[in-house]
Amino acid sequence: MTVTAGIGYALIALGPSFSLFVSVISKKPFLILTVLSSTLLWLISLIVLSGVWRAFLPLKTTAWWPYAILIITSIAFQEGLRILFWKVYKRLEDILDAFADRVSKPRLFLTDKMQIALAGGLGHGGAHAVFFCLSLLTPAFGRATFFVDRCSQIPFFLISALIALAFVTIHTFSMVIAFNGYAEGNKVDQLFVPVVHMVAGMVTLINLASGGCVIGIPLLYFLAVLTMMHCGKMVWRRLTETQSRERSS
């Protein structure tokens with residue numbers, strides 16, 4: 001393959017995120033800081049997890065259950081970290097609202113809060129793509145490509161890019177859903193995010209089977225679309241409710 005192919009794989013994984021960053025995030029410095037801090041946080045979490053599991057790797061077995069344990073523990077750790085991230089954000093939101101009251105400025109609007117959550121999710125998704133895709137793409141800039149026996153239909157680098165894009169989408173919009181769930185005390189939204197994250201992680205185990213990527217990747221994109229639809233429905237509901245309250249007041 002060539003440099004063009006390597007850049008193409010990188011754009012598949014992060015192209016939509018870059019477009020979202022340019023069109024929404026880059027217009028507000030605070031959102032840029034949120035993306036950067038979120039990316040750093042999730043990268044550190046992945047490095048910590050990899051350090052913990054390094055003692056047990058490589059797994060000298062063809063069974064699927066050790067990988068399932070790895071995925072379950074890693075996702076449980078990340079979901080706990082998501083709650084911590086929310087609490088830090090909520091504390092910061094209270095500080096900003098208090099400052100706005102002192103200077104007689106309006107508090108954060110609902111759209112502001114959703115954009116902050118979106119920026120946090122974009123950082124989470126970007127960290128995932130960097131860790132699991134971009135770090136593997138160096139050989140893709142060479143003269144050849146690479147296939148694995150269990151999915152010989154598709155180049156390995158393309159598989160990595162497609163999986164990364166699915167997870168970037170899931171992580172980006174899951175953060176908006178999670179923040180809304182925590183703010184409203186909505187148990188459905190609070191449970192939706194970790195359940196989808198866990199199911200998506202377990203779906204990747206299908207790739208261990210021969211030809212499994214042909215099934216696993218479409219299932220991941222089904223979960224990504226489901227997450228976007230749920231997020232869109234939730235945002236529309238919140239915005240409609242807010243507009244109704246403003247008209248009646």
Side-chain angles (χ1 to χ4, degrees), residues 14 17-49 74-131 167-194 196-197 227-228 230-232 234-243 245-246 249:
L14 285 173
S17 297
F18 181 73
S19 299
L20 184 62
F21 180 87
V22 172
S23 61
V24 179
I25 307 299
S26 64
K27 297 178 180 179
K28 297 183 179 180
F30 184 75
L31 295 181
I32 296 176
L33 292 175
T34 303
V35 170
L36 294 176
S37 60
S38 177
T39 303
L40 179 61
L41 174 66
W42 295 108
L43 276 176
I44 291 174
S45 73
L46 291 171
I47 292 171
V48 170
L49 287 169
S74 299
I75 291 176
F77 177 81
Q78 290 195 5
E79 289 303 323
L81 192 60
R82 191 195 303 275
I83 296 175
L84 178 62
F85 186 64
W86 153 256
K87 290 183 177 180
V88 172
Y89 156 75
K90 188 60 179 175
R91 176 60 179 164
L92 180 60
E93 179 186 318
D94 293 339
I95 293 174
L96 291 175
D97 285 340
F99 178 76
D101 291 339
R102 286 199 302 270
V103 298
S104 301
K105 296 291 184 179
R107 292 190 168 196
L108 290 174
F109 297 108
L110 176 62
T111 52
D112 296 325
K113 298 176 182 179
M114 288 184 173
Q115 287 180 349
I116 292 172
L118 184 70
L122 191 63
H124 187 185
H128 182 101
V130 169
F131 196 85
F167 272 101
V168 167
T169 304
I170 291 171
H171 289 322
T172 299
F173 295 99
S174 286
M175 195 70 76
V176 181
I177 298 170
F179 274 31
N180 178 76
Y182 299 145
E184 286 191 315
N186 189 322
K187 297 298 182 182
V188 174
D189 287 345
Q190 291 178 17
L191 291 175
F192 179 89
V193 171
V196 168
H197 193 181
T227 303
M228 286 193 295
H230 186 82
C231 182
M234 179 273 296
V235 170
W236 179 261
R237 176 180 61 81
R238 290 297 310 278
L239 292 176
T240 302
E241 291 174 352
T242 301
Q243 290 176 354
R245 284 196 297 267
E246 289 176 350
S249 60

- Task: Please list all pairs passing the ring pair (Phe, Tyr, Trp, His ring centres under 6.0 Å) test where one or both residues lie in residues 86-119, with sequence neighbours left out.
- Result: W86-Y89, W86-F179, W86-Y182, Y89-F179
- Task: Decide if atom CZ of F18 counts as having more than 12 heavy atoms of other residues, nucleotides or ligands within a radius under 6.0 Å.
- Result: no
Could you state the interatomic distance from [atom1] ([X]) to [atom2] ([Y]), rounded to the nearest 0.5 Å?
X	Y	atom1	atom2	answer
I25	S19	CD1	OG	12.5 Å
C231	D189	SG	CG	9.0 Å
Q78	L49	CD	CG	6.0 Å
I47	L40	CD1	CG	8.5 Å
H197	I75	NE2	CD1	4.0 Å
I116	L92	CD1	CG	7.0 Å

- Hey, does V176 have a side-chain heavy atom less than 4.5 Å from the side chain of M234? yes
- Item | Heavy-atom side-chain contact between L122 and T34 under 4.5 Å | no
Contact summary for [X] and [Y], nearest pair of heavy atoms:
X	Y	value
G123	T39	CA-OG1, 3.2 Å
G120	S38	O-OG, 2.6 Å
G125	V168	O-CG2, 3.2 Å
N186	R237	ND2-NH2, 4.1 Å
A129	L14	CB-CD2, 3.6 Å
T227	I170	CG2-O, 3.9 Å

- Message: Can you classify the ring geometry of W42 versus H124 as parallel (below 30°), tilted (30 to 60°) or perpendicular (above 60°)?
- Response: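 Ring orientation, 0 to 90° scale: parallel.
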- Message: Would you call the rings of H128 and F167 parallel, tilted or perpendicular, taking 30° and 60° as the class edges?
- Response: parallel
- Message: Name the residue from I95, L96, D97 that meets the side-chain contact (heavy atoms from CB on, under 4.5 Å) definition with E93.
- Response: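 That would be D97; it is the only one of I95, L96, D97 passing the side-chain contact (heavy atoms from CB on, under 4.5 Å) with E93.
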- Donor-acceptor under 3.5 Å (S37 side chain, L33 main chain): yes
- Item | Donor-acceptor under 3.5 Å (K87 side chain, I83 main chain) | no
